[in-house]
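Encoded as structure tokens, the structure appears first; notes follow it.
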Amino acid sequence: MKAASASDARFLLASVGGGDYVAIELDPGGEERERVELAGSDLVDWVRGVEQSRSPRWVIRSARELYPRMLAAGVFLTRSHDLLLCHAILRDTDRVARPLAPSEDWLPREPDAGEPALFDLLARPSGDSVDDLLEQYREQCRVIAADKTGRLPLLCAAESAGGLIAEEMRAGGLPWDGEAHDRILVDVLGPRQPGGEQPARMAELAEKVRFHLGDPQLHLDSHVKLLRALHRVGVNVESTSQWELSDVTHPVIEPLLAYKKLSRLMSANGWAWLSEWVHAGRFRPVYIPGGVVTGRWASSGGGALQIPRILRPAVQADEGWMLVVADVAQLEPRMLAAMAGDKAMAEAARGRDLYAGVVASGAVATREEAKYAVLGAMYGATTGDSGRLVPRLRKVYPRAMRLVDDAARTGEDGGVVSTNLGRSSPRPDAAWQAAQSEASGADADPVEVKRARQSARERGRFTRNFVVQGTAAEWALIWLAEIRHRLRSLPEATTAAAASGPFARNAHLAFFLHDEVILHVPAESADAAAEAVRQAAAVATRRLFGEFPIDVPLDLQIVQTAEK
DNA sequence: CGCATATGCGCG
DNA sequence: AAAGCGCGCATATGCG
């Protein structure tokens, strides 16, 4: 593989307080070559110059803490090494004999509540200690270099790129049409009532529910009261959740389930959400790369990763711009097939629908069964429809099943499992281990034994899923990074500028959700951007699995609205 | 009153 | 308490 324009140049870049920065050029041995002190006002031009002439990797404490201010000032970083994100990986990885020493100093600090603005929350008022950064970076380089599999450099680079991308996506924002959102709400709930009162459709359903329950005063949002009222009319459910209610035949069920749907939309993504989270036509969630132990991203505020599909029509490109919407169907089982080197499963994964391939293999009769069987295999189902189907997969895909079964057994025994690139599961805590060894003693309390076995199996299901979910997260990270890389070489918009933000004339990533991306691109670049997304997916697959023949097909659309 | 926990449901 | 993974958020309720 050609190294493109990437260079070996490295600069440590630190915010030292008072809006000032220090940059240190590092030689290949990690030693200081030159130190430059920068006033905030010099930063933009200086970084831009170094980017153009040297194309370095910027060693930073954390993109989350540093990058928003830089983006606001128009500074883009092409490559980084994010010390906080990489610390978490290199502390836990089982790929080296001596991983990074854990340290509280290198954990992301939660922004304190009560501070005025996110900007200030993320800023470190006192600045970084340059010596501490340098020392930590050298330690991280030591761990990375000790990895015999040679995969940790890619993982750290991808994770760091994710750190930059998360901030760029927040800065760029997801184009969101508040009027379209409002129309959906009015359509589904009824017109907005003053003072946050229930809209008409909701109120009507609530009335029907109260009528059928014979209690005109009933407060439907209280599970306890609702459950009692249901029992009074002979609906003997154990909870008020919809999966249980939907099995019951009673006139109250239909309006109750409908009410719950509407109530959820109103409270989670109603007008209050709209006015809090959408400004100037953009939804700007806070993404937390590496926020999940498996390496998946989490989010904070705005429920970015839980936007209901019914609101997708509110995602609308600016005038003269388009959206490129792409997702992978069945990413996780594809990762499993490739990781395990399971040719039979890879064969089933050929083409767009892996589940159809599983049916064609003869393992199960219907697509629905294939889906439950495959999900059950990755999640560790043991009972029910799903659990009943899993053994059939063991016959047809022994290699893939052995991989997840081994991961589960390792987890049950208190061991550590790892993803394709070397992100490792956390060790069980001391209490867990104590409970396990206690339960294995001759005079163990049967109740404790049972509890210990159950928690061992829970951990087994976690590690079983960890290897698959975590490797899928790595594929997605590389996909993102490669998309971003390719978007940079697209021409600037000539016809229409986007509404706002640092990407007013540039195609940018606007949304990411585990196995799906939305790009916001000038209309004239839409085809090129779509091609970039496809190429990036192919590169991600090759980086992870080399020449192993695994299909990772994209559903990709160039659209004005993200409606589906 | 604030804070922690439980419930339920949205997303993958 | 979904038979089976990973999350975040709103709301109700219990505790101090």
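Every value quoted in this text rests on a predicted model; they were computed, and no experiment measured them. Note: hydrogens, waters and symmetry copies are ignored here, and every other heavy atom, side chains too, is used. Protein chains get the first letters and strands the later ones, always in sequence-line order, with residue 1 at the start of each.
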When we call it a touch if two heavy atoms are under 4.0 Å apart, what does [X] touch: a base, just sugar-phosphate, or nothing?
| X | result |
| --- | --- |
| T383(A) | sugar-phosphate |
| G380(A) | sugar-phosphate |
| Y372(A) | base |
| G291(A) | nothing |
| G303(A) | sugar-phosphate |

Who passes ring-ring contact (aromatic ring centres under 6.0 Å, His included) against [X], sequence neighbours left out?
| X | result |
| --- | --- |
| W479(A) | W475(A) |
| F511(A) | none |
| W176(A) | H181(A), W273(A), F283(A) |

What integer distance in Å separates [X]:[atom1] from [N]:[atom2]?
| X | N | atom1 | atom2 | result |
| --- | --- | --- | --- | --- |
| R459(A) | dG4(C) | CZ | P | 18 Å |
| L226(A) | dT11(C) | CG | C1' | 13 Å |
| E276(A) | dG8(C) | CD | C1' | 14 Å |
| W297(A) | dG8(C) | CH2 | C1' | 17 Å |
| K371(A) | dG4(C) | NZ | P | 18 Å |
| L220(A) | dG8(B) | CG | C1' | 14 Å |
| E474(A) | dG6(C) | CD | P | 17 Å |
| R457(A) | dA1(C) | CZ | P | 19 Å |

### Task
Enumerate the residues from residues 243-255 of chain A whose closest heavy atom to DNA chain C is under 4.0 Å, giving them by residue number; use none for an empty result.
W243(A)
### Task
Could you identify which residues of residues 394-416 of chain A place a heavy atom less than 4.0 Å from some atom of DNA chain C, listed by residue number, or say none?
none
Charged N to carboxylate O below 4.0 Å: is that the case for [X] and [Y]?
| X | Y | result |
| --- | --- | --- |
| R352(A) | D555(A) | yes |
| R402(A) | D342(A) | no |
| E474(A) | R543(A) | no |
| D353(A) | R367(A) | yes |
| E412(A) | R409(A) | no |
| K225(A) | D215(A) | no |
| E516(A) | R312(A) | yes |
| R484(A) | E168(A) | yes |

### Query
Does anything in residues 182-234 of chain A pair up under ring-ring contact (aromatic ring centres under 6.0 Å, His included), and if so which pairs, sequence neighbours excluded?
none
Could you go through nucleotides 13-16 of chain C and list every protein N or O atom that sits under 3.5 Å from one of its N or O atoms, giving the distance for each pair?
| from | atom 1 | to | atom 2 | distance (Å) |
| --- | --- | --- | --- | --- |
| dT13(C) | OP1 | S222(A) | OG | 2.4 |

### Task
Please say whether more than 12 non-hydrogen atoms of neighbouring residues, nucleotides or ligands are located less than 6.0 Å from CZ in R91(A).
yes
### Side chain proximity check, S246(A) to I253(A), heavy atoms < 4.5 angstrom
no
### Query
Under 4.0 Å between a side-chain N or O of S241(A) and OP1 or OP2 of dA1(C)?
no
### Query
For residues D94(A) and S424(A), is any side-chain donor paired with an opposing acceptor at under 3.5 Å?
yes
### Message
Using side chain to side chain donor-acceptor pair (under 3.5 Å), reason through Y397(A) and S361(A) one step at a time and then give a plain yes or no.
### Response
CA-CA 10 Å; Y397(A) 312 122; S361(A) 76; 3.0 Å; yes
I'd like a list of close polar pairs between nucleotides 10-12 of chain B and the protein, N/O only, cut-off under 3.5 Å.
| from | atom 1 | to | atom 2 | distance (Å) |
| --- | --- | --- | --- | --- |
| dG10(B) | OP2 | Q242(A) | NE2 | 2.8 |
| dG10(B) | O4' | R264(A) | NE | 3.2 |
| dG10(B) | O4' | R264(A) | NH2 | 3.0 |
| dG10(B) | N2 | Q306(A) | NE2 | 3.3 |
| dC11(B) | OP1 | R309(A) | N | 3.1 |
| dG12(B) | OP1 | R309(A) | NH1 | 2.2 |
| dG12(B) | O3' | D515(A) | OD1 | 2.8 |
| dG12(B) | O3' | D515(A) | OD2 | 2.7 |
| dG12(B) | N2 | R296(A) | NH1 | 3.2 |
| dG12(B) | N3 | R296(A) | NH1 | 3.1 |
| dG12(B) | N3 | R296(A) | NH2 | 3.4 |

### Task
Mind checking salt bridge (Lys or Arg N to Asp or Glu O under 4.0 Å) for D515(A) and listing every partner two or more places apart, or none if nothing turns up?
none
### Summary
Paired with Y259(A), the side chain to side chain donor-acceptor pair (under 3.5 Å) test is passed by just one of E254(A), E204(A), Q198(A), R201(A), namely Q198(A)
### Charged tip of R459(A) within 45° of W432(A) ring normal and under 6.0 Å
yes
Same-atom distance ([atom1]) from [N] to [M], integer angstrom:
| N | M | atom1 | result |
| --- | --- | --- | --- |
| dG14(C) | dA1(C) | P | 15 Å |
| dA3(C) | dG8(C) | C1' | 24 Å |
| dG4(C) | dT5(B) | C1' | 24 Å |

## Note on the structure
Counting only Watson-Crick and G-U wobble pairs with both atom distances below 3.5 Å, the stems of 3 or more consecutive pairs that include DNA chain C are B:1-12 with C:5-16
## Note on the structure
Under a 4.0 Å heavy-atom cutoff, the residues of residues 265-274 of chain A touching DNA chain B are none
### Pairing residues for A452(A) by the side chain to side chain contact (heavy atoms under 4.5 Å, CB included) criterion, not counting sequence neighbours
Q436(A), A439(A)
